[in-house]
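Comments concern the structure below.
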Amino acid sequence: MFQLFDEGRQRTFALTGLIKEIGRGDECDVAIADDPSLSRVHARLDRQGEDWVLVDLESTNGTFVNGERIREARLQAGDLIELGDTRLRFLPMPVAGQTVQKKTTQVNMRPADEEERPRGIFSRVKTVLHNKKK
């Protein structure tokens, strides 16, 4: 998960869902009403797989990523987005003091007929119920 950090106002916008509109209008997901240089609906963030793509919506003052004017740009962690007088930093979402990182789970398979002492409470309940049926 990612977030936008508004450096001037010291606030954060979590990026969830598939589309996020950015602008000064109340209807925007990232509404920044106190920046008159923003268009009502200035730009849009589109989720594409694991990535976020920033799209300028033909705003009057343009959209910039790391100092370059863009029409569309795939964002990387740490990118600086400038819209009007607003500076937003694209950052990974922290969770419990740590940055969220994609992790994989290793699954160990064992043969179905292999007997093993149950470890969890649900496994123990299942074993007890199974033994009562015998």
Side-chain angles (χ1 to χ4, degrees):
M1 288 184 44
F2 281 88
Q3 65 182 333
L4 293 177
F5 176 68
D6 185 335
E7 296 182 338
R9 295 165 188 84
Q10 298 292 302
R11 61 182 171 182
T12 301
F13 302 94
L15 298 180
T16 57
L18 299 175
I19 298 173
K20 293 289 182 186
E21 290 182 330
I22 305 170
R24 69 169 201 281
D26 291 337
E27 71 275 12
C28 291
D29 302 296
V30 179
I32 306 170
D34 58 346
D35 185 348
S37 60
L38 280 179
S39 297
R40 190 178 54 77
V41 181
H42 195 99
R44 183 182 72 233
L45 280 166
D46 295 331
R47 181 81 182 262
Q48 293 180 2
E50 294 295 315
D51 297 330
W52 284 94
V53 176
L54 180 64
V55 179
D56 181 72
L57 298 177
E58 299 181 14
S59 62
T60 304
N61 294 319
T63 300
F64 298 80
V65 174
N66 300 323
E68 292 185 36
R69 189 173 187 149
I70 59 103
R71 285 187 171 200
E72 185 174 303
R74 188 169 304 276
L75 297 175
Q76 301 292 320
D79 281 349
L80 179 64
I81 301 166
E82 295 174 273
L83 313 117
D85 292 328
T86 299
R87 297 166 53 99
L88 303 171
R89 186 74 62 176
F90 181 73
L91 298 169
M93 179 71 82
V95 174
Q98 296 182 354
T99 301
V100 173
Q101 295 180 355
K102 186 175 181 182
K103 295 183 180 183
T104 58
T105 302
Q106 183 176 357
V107 178
N108 294 321
M109 302 297 285
R110 63 178 171 79
D113 61 343
E114 183 180 312
E115 287 291 324
E116 185 177 297
R117 185 173 158 208
R119 294 182 186 162
I121 185 71
F122 294 110
S123 295
R124 283 188 230 130
V125 170
K126 183 177 175 184
T127 302
V128 169
L129 293 175
H130 178 72
N131 289 339
K132 283 186 178 183
K133 288 181 182 178
K134 288 183 178 179

Arg24 bridged to Asp35 by N-O distance under 4.0 Å: no

Euclidean distance, Leu83 CG relative to Leu4 CG, rounded to 0.5 Å: 9.0 Å

Set of residues satisfying side-chain hydrogen bond (donor to acceptor under 3.5 Å, both in side chains) with respect to Arg40, sequence neighbours excluded: Glu27

Those residues that, when tested against Asp51, pass side-chain contact (heavy atoms from CB on, under 4.5 Å) (two or more places apart): Arg74

Min side-chain heavy-atom separation Met93-Phe2 under 4.5 Å: no

Arg9 atom CZ: more than 12 heavy-atom contacts under 6.0 Å: yes

N/O donor-acceptor pair under 3.5 Å between Asn66 side chain and Leu80 backbone: yes

Atom pair CG/CD of Asp46 and Glu21 - distance to nearest 0.5 Å: 9.5 Å

For Phe13, all residues meeting ring-ring contact (aromatic ring centres under 6.0 Å, His included), sequence neighbours excluded: none

pair Ile32-Arg11: side-chain heavy atoms closer than 4.5 Å: yes

Shared hydrophobic cluster, Val41 / Val55 (ILVMFWY, side-chain heavy atoms < 4.5 Å): yes

Backbone N/O of Asp85 and side chain of Ser37: donor-acceptor pair under 3.5 Å: yes

Validation row: Asp29, Leu45 side chains within 4.5 angstrom (heavy atoms): no

Straight-line distance of Arg89 CZ to Glu82 CD, nearest 0.5 Å: 9.0 Å

Leu18 CG to Trp52 CH2 distance, which is reported to the nearest 0.5 Å: 7.0 Å

Heavy-atom pair of closest approach, residues Ala73 and Val65: CB-CG2, 4.2 Å

Under 3.5 Å: donor-acceptor pair, side chain of Arg47, backbone of Gly49: yes

Distance in Å, Arg87 CZ paired with Ile81 CD1, rounded so as to fall on 0.5 Å steps: 11.5 Å

Cluster link Ile70 to Val30, ILVMFWY, side chain under 4.5 Å: yes

ILVMFWY network linking Leu75 to Leu88, side-chain heavy atoms under 4.5 angstrom: yes

ILVMFWY cluster, Leu57 and Val53 together (side-chain gap under 4.5 Å): yes

Under 3.5 Å donor-acceptor, His42 side chain and Glu58 backbone: no

Value rounded to 0.5 Å, distance of CZ in Phe64 from CG in Asp56: 9.0 Å

Minimal non-hydrogen separation, Ala31 against Gly25, with atom names: CB-O, 3.5 Å

